[in-house]
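First the proteins, then the strands, lettered A, B, ... as listed; each starts at 1.
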Amino acid sequence: MSLHLYNTLSGKVEEFSPATDNTVRMYACGPTVYDYGHIGNFRTFVAVDILRRFLRQSGFGLNHVMNITDVDDKIIRNAAQQEKSVDEYTKQYEEAFLEDMQTLNLERPEKMVRATEHIEEMARFIQKLEEKGFAYKTEDGSYYFSIAKFPEYGKLSKKDFGGMEVGARVDVDEYEKDNARDFALWKAPKEGEAFWESPIGPGRPGWHIECSAMSIKYLGESFDLHAGGEDLTFPHHENEIAQSEALTGKQFVHLWFHVRFLLVEGKKMSKSEGNFFTLRDLLLKGHKPSAIRYLLASVPYTRQLNFTFAGLEQAAHSVQRLRDFKSRLSMANLPAGKNQVVQDLAAHTQLQMRSSLDDDLNTAQALAAVFDMVREMNTLADRGELRQDDKAPLLATLEKFDEIFAVLGDDDTEKMTRAMEWAKAHGKAGESSLTATISDEDAERLVTERNNAKKARDFARSDAIRKQLADAGIVVEDTKDGTRWKRK
RNA sequence: GGCGCGGUACCCAAGUGGUAAGGGAGAGGUCUGCAAAACCUUUAUGCGUCGGUUCGAUUCCGACCCGCGCCUCCA
């Protein structure tokens with residue numbers, strides 16, 4: 001089987017492949033940088049990250065563009081309240097977002113672009129739409145898109161606007177629009193608010209136009225895939241289609257990829273419910289980035305995911321099981337030779353992972369394949385039936401797995417420490433529940449010391465050191481291949 | 001109201017017209033100086049409820065109940 005993905009436009013799971021050459025041209029709606037990213041945002045970004053990682057593993061090239069929305073009503077309002085420029089205000093959150101991406105092992109898209117750096121392109125876009133008769137200007141200098149001129153309006157969100165009245169001007173929001181459903185392309189400046197000069201006059205862009213203008217600029221008039229959270233289907237993406245196809249007369253995007261919202265503790269996340277968490281909140285509560293990523297990745301993107309703290313604990317254990325297996329394998333001292341059963345199983349597991357992900361990124365099933373392998377190989381290892389040459393294919397399978405899931409490399413402590421430092425610098429250290437820890441070097445030194453005590457059969461000393469390490473969050477495990485330690 | 005998605009064990013969660021993956025947790029056991037890890041056994045005659053189709057349905061159809069999303073820029 002080859003890669004199949006659900007396409008919101010057709011409402012079906014379709015075979016996916018890039019149209020022009022072997023490179024996938026994809027655009028993903030990025031963050032609006034008015035605050036720190038929350039766990040819901042990151043479910044979407046993790047899903048897109050898994051998509052791009054799997055596309056690459058499937059042999060495609062990538063040209064992935066992500067926008068940073070650094071101008072919108074909320075930004076302008078908040079910046080004004082804090083007496084900051086729009087730039088100054090958005091910069092801090094953009095930086096935080098990039099850091100959060102690293103925390104979750106989200107790969108950098110090939111290109112990240114800011115809305116405010118493409119005002120010119122947007123203005124020209126609107127100008128052309130006006131020339132073609134799809135856009136009109138109102139008395140105050142704002143521009144709107146006339147959905148009556150675009151009969152296919154509603155095709156993505158499956159909405160029927162056929163019965164809408166056209167012509168009679170409706171007064172909405174102080175602006176004069178031909179049709180209540182017409183959406184803003186360009187907003188005339190309001191008293192005291194930030195605005196930009198442009199070929200179509202002063203003002204600021206509507207929300208939707210940035211994605212059309214930037215995606216077409218960097219990916220062409222027709223490209224392969226466009227991704228975002230499910231809420232963007234309407235109106236955002238519907239409007240992008242209308243603007244873009246009105247301008248070019250070509251199909252804008254072939255496949256629309258939408259990520260389902262998550263629930264937090266069984267309810268829609270909202271500040272009033274008290275179940276609203278930024279990524280940073282979770283780190284400061286002591287949750288590992290790898291556990292967060294694992295939990296977000298473990299439920300297929302088309303399914304609603306219930307994000308709970310119990311689930312987060314479970315995810316941490318699951319990740320640990322995989323890491324334990326990997327380190328057991330890596331340090332094992334095995335007899336020469338190979339076991340054909342192992343070779344076959346490794347190959348089979350890779351096939352299973354691949355076909356699961358080919359099936360609309362069924363991550364839950366891919367995980368099951370890996371855990372099956374882990375259990376069977378642990379059994380063989382316990383029985384002493386593993387051979388030296390079995391290591392490579394098993395480790396290679398784990399590597400394939402981690403090319404997608406990216407949870408095996410242990411840099412959690414480092415990232416959590418960074419979060420704690422950030423919190424201190426922002427006067428939020430009080431919220432932290434991170435326990436004090438020690439450096440790798442100190443841990444190594446104590447482990448060696450304990451081993452010496454153990455060899456001398458000084459178990460009291462050895463247990464005292466174990467306790468000392470445990471207090472620093474370090475677990476020591478004795479195996480027949482030597483002692484290993486890990487951070488809890 | 002319109003459109004759409006889902007309800008599977010203690011929790012999370014796959015899946016199939018032929019009798020329930022995987023992870024976590026619990027219980028018992030093996031191993032172990034201790035402790036972990038690992039392994040073994042065990043935990044849904046049952047897949048929201050009620051009907052229908054079928055030799056057979058959790059899987060298809062219908063009704064109902066519940067949860068969720070979009071329908072005024074929330075991922």
For B/rG15, take OP1 and OP2 only and decide whether either is under 4.0 Å from a side-chain N or O of A/Arg303. yes
Hey, is the side chain of A/Arg466 poking within less than 4.0 Å of OP1 or OP2 on B/rA36, counting only N and O atoms? no
Less than 4.0 angstrom between a side-chain N/O of A/Arg375 and OP1 or OP2 of B/rG22, yes or no? yes
Does the pair A/Glu193/A/Arg77 count as a salt bridge with the N-to-O cut at 4.0 Å? no
B/rC61 to B/rC71 separation - P atoms, rounded to the nearest Å: 28 Å
Suppose you measure atom P in B/rC34 against the same atom in B/rG29; what distance do you get, rounded to whole Å? 16 Å
Using atom C1' of each nucleotide, how far apart are B/rC66 and B/rU8 to the nearest Å? 15 Å
Would you please confirm or rule out a distance under 4.0 Å between OP1 or OP2 of B/rC34 and any side-chain N or O of A/Ser462? no
Return the minimal non-hydrogen interatomic distance between A/Met26 and A/Leu55, and the atom names on each side. SD-CD1, 3.8 Å
Which distance, rounded to the nearest 0.5 Å, do you find between the CG of A/Leu345 and the CG of A/Leu351? 11.5 Å
Rounded distance (Å) that lies between atom C1' of B/rG69 and atom CD of A/Glu238: 16 Å
Please determine if a side-chain N or O atom of A/Asn362 lies less than 4.0 Å away from the OP1 or OP2 oxygen of B/rG15. yes
In this structure, how many angstroms lie between the C1' atom of B/rC5 and the CG atom of A/Asn7, rounded? 17 Å
Closest approach of A/Leu263 and A/Gly266, non-hydrogen atoms and distance? CD2-O, 3.7 Å
Which side chain to side chain donor-acceptor pair (under 3.5 Å) pairs, counting each pair once, include a residue from residues 294-315 of chain A, with sequence neighbours left out? A/Tyr301-A/Asp360
Using a 4.5 Å cut-off on heavy atoms from C-beta on, say whether the side chain of A/Glu245 contacts that of A/Lys155. yes
If you measure only the distance, is there a donor-acceptor pair under 3.5 Å linking the side chains of A/Glu238 and A/Ser157? yes
B/rU43 and B/rC11: how far apart are their C1' atoms, nearest whole angstrom? 13 Å
Distance, C1' atom - from B/rG22 to B/rA13, rounded to whole angstrom: 8 Å
Using the P atom as the point on both nucleotides, what is the distance between B/rU58 and B/rA9, in whole Å? 15 Å
Would you name the heavy atoms of A/Gly229 and A/His258 that are closest together and state the gap between them? O-CD2, 3.5 Å
Does A/Gln314 make a side-chain donor-acceptor contact with the base of B/rG23, cut-off 3.5 Å? yes
Can you check whether any acceptor in the base of B/rC5 is under 3.5 Å from a donor in the side chain of A/Arg260, or vice versa? yes
With P as the reference atom in both, quote the distance from B/rU42 to B/rC3 in angstrom, rounded to an integer. 49 Å
Please pick, from B/rG23, B/rA14, B/rG24, the nucleotide with the shortest atom-to-atom distance to any side-chain atom of A/His317. B/rG24
Using a heavy-atom cut-off of under 4.0 Å over every strand shown, decide if A/Val299 touches base, sugar-phosphate, or nothing. sugar-phosphate
Roughly, in whole Å, what's the span from CG in A/Leu263 to P in B/rC66? 17 Å
Using the side-chain heavy atoms of A/Asn378, tell me which of these nucleotides is nearest: B/rC71, B/rC39, B/rC73. B/rC39
Want to know the stems of RNA chain B: at least 3 consecutive Watson-Crick or G-U pairs with distances under 3.5 Å, which are they? B:1-7 with B:65-71, B:10-12 with B:22-24, B:25-30 with B:38-43, B:48-52 with B:60-64
Compute the centroid of each ring, for A/Tyr36 and then for A/Tyr93, and state whether the two points are separated by less than 6.0 Å. yes
Can you tell me if the side-chain N/O atoms of A/Lys268 get under 4.0 Å from OP1 or OP2 in B/rC70? yes
Pair of N/O donor and acceptor under 3.5 Å linking B/rG33 base with A/Asp463 side chain: yes
Per atom distances to the A/Gln365 side chain, the nearest of B/rC71, B/rA14, B/rG23 is B/rA14
When we call it a touch if two heavy atoms are under 4.0 Å apart, what does A/Glu230 touch: a base, just sugar-phosphate, or nothing? sugar-phosphate
For residues 319-335 of chain A, which residues have at least one heavy atom under 4.0 Å from RNA chain B? A/Arg321, A/Asp324, A/Arg328
Under a plain distance cut-off of 3.5 Å, with no hydrogens placed, do A/Ser10 and A/Glu14 share a side-chain donor-acceptor pair? yes
For B/rC74, does OP1 or OP2 lie under 4.0 Å from any side-chain N or O of A/Lys271? no
Most 5' of A/Gly40 and A/Lys158 on RNA chain B, judged by nearest nucleotide: A/Lys158
Mind checking what makes side chain to side chain donor-acceptor pair (under 3.5 Å) contact with A/Asp440, not counting sequence neighbours? A/Arg487
Heavy-atom neighbours of A/Lys111 NZ exceed 12 at 6.0 Å: no
Between B/rA37 atom C1' and A/Trp485 atom CH2, what is the distance in whole Å? 17 Å
OP1 or OP2 of B/rA75 sitting under 4.0 Å from any side-chain N/O of A/Asn41? yes
Select one nucleotide: of B/rG33, B/rA75, B/rA37, the one nearest the side-chain heavy atoms of A/Tyr34. B/rA75
In this structure, how many angstroms lie between the C1' atom of B/rC71 and the CG atom of A/Leu232, rounded? 14 Å
Closest heavy-atom pair and its distance - A/Ala188, A/Asp140: CB-O, 3.1 Å
Atom NE2 of A/His237 and atom P of B/rC73: how far apart are they, to the nearest Å? 15 Å
Which pair of heavy atoms, one from A/Asp182 and one from A/Ser146, lies closest together, and at what distance? OD1-CA, 3.5 Å
Which is true for A/Pro300 with a 4.0 Å heavy-atom rule: it touches a base, it touches only sugar-phosphate, or it touches nothing? sugar-phosphate
When you compare the ring of A/Phe459 with the six-membered ring of B/rG33's base, are the centres less than 5.5 Å apart and the planes under 30° from each other? yes
Determine the Euclidean distance between corresponding C1' atoms of B/rG7 and B/rA44; express it in Å to zero decimal places. 15 Å
Check the distance between B/rG67's C1' and A/Lys267's NZ and give it to me in whole angstrom. 12 Å
What nucleotide among B/rA13, B/rC39, B/rC71 has an atom nearest to a side-chain atom of A/Pro235? B/rC71
What residues, two or more places apart in sequence or in another chain, satisfy side-chain contact (heavy atoms from CB on, under 4.5 Å) together with A/Asp359? A/Met1
Going by ring centres under 5.5 Å and near-parallel planes (under 30°), is A/Phe261 stacked on B/rG69? no
Do A/Lys159 and A/Phe234 meet the cation-pi criteria used here (NZ or CZ under 6.0 Å from the six-membered ring centre, within 45° of the axis)? yes
Any residue in residues 305-313 of chain A with a heavy atom nearer than 4.0 angstrom to RNA chain B? Just list them by number, or reply none. A/Asn306
Check this for me: does the side-chain of A/Lys187 come within 3.5 Å of the base of B/rC73 through a donor and an acceptor? yes
Whole-Å distance, A/Lys159 NZ to B/rG2 P, equals 13 Å
Could you tell me whether A/Val476 contacts a base, only the sugar-phosphate backbone, or nothing, with contacts defined as non-hydrogen atoms closer than 4.0 Å? base
